[in-house]
Number of protein chains: 2
Amino acid sequence: MMATDSLDARVDEILKSLGRRTTAPRRQVARLLASKRGAFSAESINAELPEVGRATVYRTIRLLAEAGVLCKALLPDGSPRYSIDHSWHHHHLICSSCETVEEFRSSELERLLGELSDEIPGQVLGHQVDFYLTCPNCLQ
Amino acid sequence: MMATDSLDARVDEILKSLGRRTTAPRRQVARLLASKRGAFSAESINAELPEVGRATVYRTIRLLAEAGVLCKALLPDGSPRYSIDHSWHHHHLICSSCETVEEFRSSELERLLGELSDEIPGQVLGHQVDFYLTCPNCLQ
DNA sequence: GCTACTGGTGATACGTAGTATCAATATATG
DNA sequence: CATATATTGATACTACGTATCACCAGTAGC
């Protein structure tokens, strides 16, 4: 599968650039992630990979999130969901019903957030904007 | 203390309006919360009230959060912090260093978020905006 | 003020999310 | 191929929160 192969290569590259080793467990996790559409919990990945240790699953997810391959969104209650990061900077549309997470971009929003960051005392490191909604699907 | 007394009264009122009972443990939790400045974790409240059960501490915090007395902010890693809710609708300035949570309001931001909500497919229920920063204090 | 009804409490157990430890193992490199 | 070391996975631990359930205490009605 094209997408899987390219993510494999991307993961190899990232690991190399970080001086990390390319191991079988990391490949297994990366391949499973690549097959996922939408958002997922770390625990669900762990459940689908009984042959990979839990700690390794979590470590790999963290590694890929820090490398920008995955991004982390928080459901309204704070529980994290991960998804493949398709675009550089974006926010999230989170369905409170089916927990689907979609990416969302708005240059106008970005501009305003930038302006506000300049006004806020201290050094702004980043921001998070999430919309909680009932998605068209869940509205029937 | 004035602030404590008024929160006591407010909590009594809220409990009454919800048809809930005014109990000693709920008062203890509410009093401790009133004495807090800034944000705190549920667990820290639990630790400071050994005579109140953990379940009751969490139940009371949830009750007060749902009633609008407390508001919940999420640190960058998703761990929740609670603080007395001083103003109706606001966002958060979260110091990544000292974990201080401050309230933040911007009518311009609110207006834009409202506009965007209209454009987003599905029924938008709410949004969350957080700025992560190093606060002036932590910048020395 | 007493009593009964029922909501609240707290001990315990459970579930999710994630990190720390550490002996055993696999990888990249000379 | 040998070896230094990054990585693994079992286990244990922390934070955060909910479910259960026997017992207790508010509150409404008399």
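Values in this document were obtained by computation on a predicted structure and should not be read as measured data. Chain naming here is simple, since letters A, B, ... match the order of the sequence lines and numbering starts at 1 in each.
Taking atom CZ of Arg81(B) as the reference point, atom C1' of dG17(D) lies 14 Å away to the nearest angstrom. Leu18(A) has its CG atom 14 Å from the P atom of dA6(D), to the nearest Å. With rounding to whole Å, Leu15(B) atom CG is found 14 Å from dT27(D) atom C1'. Here the C1' atom of nucleotide dA15(D) and the CG atom of Asp77(B) are 10 Å apart, to the nearest Å. In this structure, CD of Gln28(B) is placed 13 Å from P of dA25(D), rounded to the nearest angstrom.
In Asp77(B), the CG atom is crowded: over 12 heavy atoms of neighbouring residues, nucleotides or ligands sit closer than 6.0 Å.
Between the Arg26(B) side chain and the Val11(B) main chain, no donor and acceptor come within less than 3.5 Å of each other.
His92(B) approaches Ala73(B) most closely through the heavy-atom pair ND1-CB, 3.5 Å. Of all non-hydrogen atoms in Ala67(B) and Ile14(B), the two that sit nearest each other are CB-CG2, 3.6 Å. Heavy atoms only, all atoms of each residue included: Ala39(B) and Ser83(B) are closest at CA-CB, 4.1 Å.
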Report all interatomic pairs (protein N or O, nucleotide N or O of nucleotides 11-14 of chain D) with separations under 3.5 Å.
none

Polar atom pairs (N or O), protein with nucleotides 27-30 of chain C, under 3.5 Å:
unit_1: dT27(C); atom_1: O2; unit_2: Arg21(A); atom_2: NH1; d: 2.9
unit_1: dT27(C); atom_1: O2; unit_2: Arg21(A); atom_2: NH2; d: 3.2
unit_1: dA28(C); atom_1: OP1; unit_2: Thr22(A); atom_2: N; d: 3.1

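For Arg20(B), there are no side-chain hydrogen bond (donor to acceptor under 3.5 Å, both in side chains) partners at least two apart in sequence or on another chain. Evaluation of the salt bridge (Lys or Arg N to Asp or Glu O under 4.0 Å) rule for Glu43(A) yields Arg54(A) as partners, not counting sequence neighbours. Residues meeting the ring-ring contact (aromatic ring centres under 6.0 Å, His included) test with Phe104(A), sequence neighbours left out: Phe131(A). Residues forming a side-chain hydrogen bond (donor to acceptor under 3.5 Å, both in side chains) with Glu13(B) (at least two apart in sequence, or on another chain): none. Legend: residues meeting ring-ring contact (aromatic ring centres under 6.0 Å, His included) with His127(B), ordered by chain and number and at least two apart, are His89(B), His91(B).
The stretch residues 62-75 of chain A does not touch DNA chain D, since none of its heavy atoms comes less than 4.0 Å from the strand. Of the residues in residues 39-46 of chain B, those lying under 4.0 Å from DNA chain D by heavy-atom distance are Ser41(B), Ala42(B), Glu43(B).
For residues 27-78 of chain A, the set of pairs meeting the ring-ring contact (aromatic ring centres under 6.0 Å, His included) definition, not counting sequence neighbours, is empty. Applying the side-chain hydrogen bond (donor to acceptor under 3.5 Å, both in side chains) test to pairs two or more places apart or on separate chains, none has a residue in residues 116-125 of chain B.
Salt-bridge annotation for Asp12(A) and Arg27(A): present, with a side-chain N of the basic residue lying under 4.0 Å from a carboxylate O of the acidic one.
Residues Glu103(B) and Asp85(B) form a side-chain contact, since some pair of their non-hydrogen atoms from C-beta on lies under 4.5 Å apart. Using a 4.5 Å heavy-atom cutoff, the side chains of Lys36(A) and Glu48(A) are in contact. Between Leu15(B) and Leu63(B), some side-chain heavy-atom pair lies under the 4.5 Å cut-off.
Toward the 5′ end of DNA chain C lies the nearest nucleotide of Gly19(B), the other residue of the pair Glu51(B) and Gly19(B) mapping further downstream.
When the side-chain nitrogen and oxygen atoms of Tyr82(B) are compared with OP1 and OP2 of dC16(D), none of them lie within a distance under 4.0 Å.
Direction change of the helix axis from one end of the helix from dG1(C)-dC30(D) to dG30(C)-dC1(D) to the other is 30°, with five pairs defining each end axis (rounded to 10°).
Within 3.5 Å, a donor on the side chain of Arg59(B) pairs with an acceptor on the base of dG10(C), or the reverse.
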